[in-house]
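Worksheet: the structure to be examined is printed underneath.
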Amino acid sequence: MKQIGVLMPQNFRLLSVAAILDVFDTVNGFYCKEGRQMPFNISLITTDDQNYNLSEHPCIPLQKATGFDLILIPSFATHDIKECISANISYLPWLNKQHQGGAEIATFCTGAFLLAASGLLDGKSATTHVDACTAFSTAFPQVHLKADKTVTQDGKLFTSGGATSTFHLLLHLLHLHCGKDMAVKVAKIFAIDMDRVNQSYFSTFQPVRHHNDDIVASAQEKIENNYQDLATIEEMIKDIPSSRRNIVRRFKQVIGITPIEYLQQTRIEAAKKLLEQTAQQMTEVIYNSGYNDPKAFRKVFRKSVGMTPTQYRDKFQAR
């Protein structure tokens, strides 16, 4: 029987914890019906004295939690990364100790922030919620972020993308520990598309705005208001009182990407909205999002979104 510990970090997302418990409880139920020993014994690991009445699973204080084969870290709020990590800092040395003892560790959605803060993901591949990727890569540049991936595995460390990607990592873990047949059975019960490996088409460009650099803010405003007409750095920085080199350096430092990358992402986001909300012909979408070359547009769109513009419209257009 595998010993599973589910961390209960401060500000955890209830939906994430519920999904984890529901899947593993379902598998245990299948085994019981077949007269077999349950494969998983699940405990909730806490840093306080609170008894979470989420299920029949016991709550174990962190200082007494040992001997786990698999540790699961659910998603939690990341509106303030430093504050969230600080509130859960007592988990970090414990995670290192458990990993050194041979435990597998899996994170779901933004739970990757906590594992990255422990240092265990340094030099390793990981993913997280697609809209948290910029914040993640800024906070943990030593981690090889695979922003487009739904699930990653690097040795005994596993991560998943956002929201429903939780189920894809759970299926992956079930495949490893219970076999393919059980993973398929659970996928059918929970109506999970097992083939989805990409999450980039769910992303929304959300640039950093809360900063105190007026020059960078001016460049952002100019790009956002004139993305259909701008083409070069010189056009972007015209009338901004600073040198090209200084603007590019400060822009990358504050925003995390270059002005040209910012322009591309602004255009792609505009194109996505046109595809979702209008019936414009593809040539109109291309032109109105700032592109003149259809081939270049389709190449950039597919690289950024993970599918063609037509596939995106078919998937997300309101009908």
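Please read all numbers here as calculations on a predicted model, not as lab measurements. Numbers for residues simply follow the sequence, beginning at 1.
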Q. Hey, what else clusters with Y287 if you join Ile, Leu, Val, Met, Phe, Trp, Tyr whenever side-chain heavy atoms sit under 4.5 Å?
A. none
(Q) If you count heavy atoms of other groups shown closer than 6.0 angstrom to CG of D293, is the number above 12? (A) yes
(Q) Within the 3.5 Å criterion, strictly below it, is a donor on T152 or T159 matched to an acceptor on the partner's side chain? (A) yes
Q) Should I189 and I20 be regarded as members of a common hydrophobic cluster, given that ILVMFWY residues are connected when their side-chain heavy atoms come within less than 4.5 Å of each other, either directly or indirectly? A) yes
Q: Look only at the side chain of S75 and the backbone of G111, and say whether a donor-acceptor pair between them is shorter than 3.5 Å.
A: no
Q: Determine, using the 4.5 Å side-chain heavy-atom cutoff (strictly less than), whether L263 and V248 are members of one ILVMFWY cluster.
A: yes
Q: In sequence, state the C-alpha distance, the side-chain angles, and the governing distance for F40 and L174, and then conclude on side chain to side chain contact (heavy atoms under 4.5 Å, CB included).
A: CA-CA 11 Å; F40 305 113; L174 291 180; 3.9 Å; yes
Q.
Is a donor from one side chain sitting under 3.5 angstrom from an acceptor on the other, for N41 and Q3?
A. yes
**Q.** Check: F30 main-chain N/O paired with R36 side-chain donor or acceptor under 3.5 Å
**A.** no
Q | S137 side-chain N/O to C133 backbone N/O, donor-acceptor pair under 3.5 Å | A | yes
Q: Please check if any side-chain donor atom of Q264 sits under 3.5 Å from a side-chain acceptor atom of Y291, or the reverse.
A: yes
Q: Drop me the distance from I260's CD1 to L230's CG, to the nearest 0.5 angstrom.
A: 9.0 Å
Q: Run the numbers on Q142 and L121 for side chain to side chain contact (heavy atoms under 4.5 Å, CB included), then give the verdict.
A: CA-CA 8 Å; Q142 64 275 33; L121 284 176; over 6 Å; no
Q: Say whether Y312 and Q317, considering side chains only, have a donor N or O and an acceptor N or O under 3.5 Å apart.
A: no
Q. Hey, what do you get for CG (D229) to CD (E235), rounding to the nearest 0.5 Å?
A. 8.5 Å
**Q.** K252 backbone acceptor or donor facing T258 side chain under 3.5 Å
**A.** no
Q: Using a strict cut-off of less than 4.0 Å between a Lys/Arg side-chain nitrogen and an Asp/Glu carboxylate oxygen, indicate whether E104 and K2 qualify as a salt bridge.
A: no
Q) Would a distance-only check, ignoring hydrogens and angles, find a side-chain to backbone donor-acceptor pair under 3.5 Å from Q153 to F158? A) no
Q. Is there a chain of hydrophobic side chains (I, L, V, M, F, W, Y, each step under 4.5 Å between heavy atoms) that links M8 to L14?
A. yes
Q) Is the W94 ring parallel, tilted or perpendicular to the Y91 ring (thresholds 30°, 60°)? A) perpendicular
(Q) Using a strict threshold of under 4.0 Å (side-chain N to carboxylate O), is an ion pair present between E269 and K272? (A) yes
Q.
Is it the case that atom CD in Q281 sees more than 12 heavy atoms from other parts of the structure closer than 6.0 Å?
A. no
Q. Would you say T127's side chain and K146's backbone share a donor-acceptor pair under 3.5 angstrom?
A. yes
Q) Any side-chain heavy-atom pair from T266 and F205 closer than 4.5 angstrom? A) yes
Q | Expected output: side-chain S118 to main-chain L95 donor-acceptor under 3.5 Å | A | no
Q: Determine yes or no for a side-chain-to-main-chain donor-acceptor pair under 3.5 angstrom, with Q63 supplying the side chain and A65 the backbone.
A: no
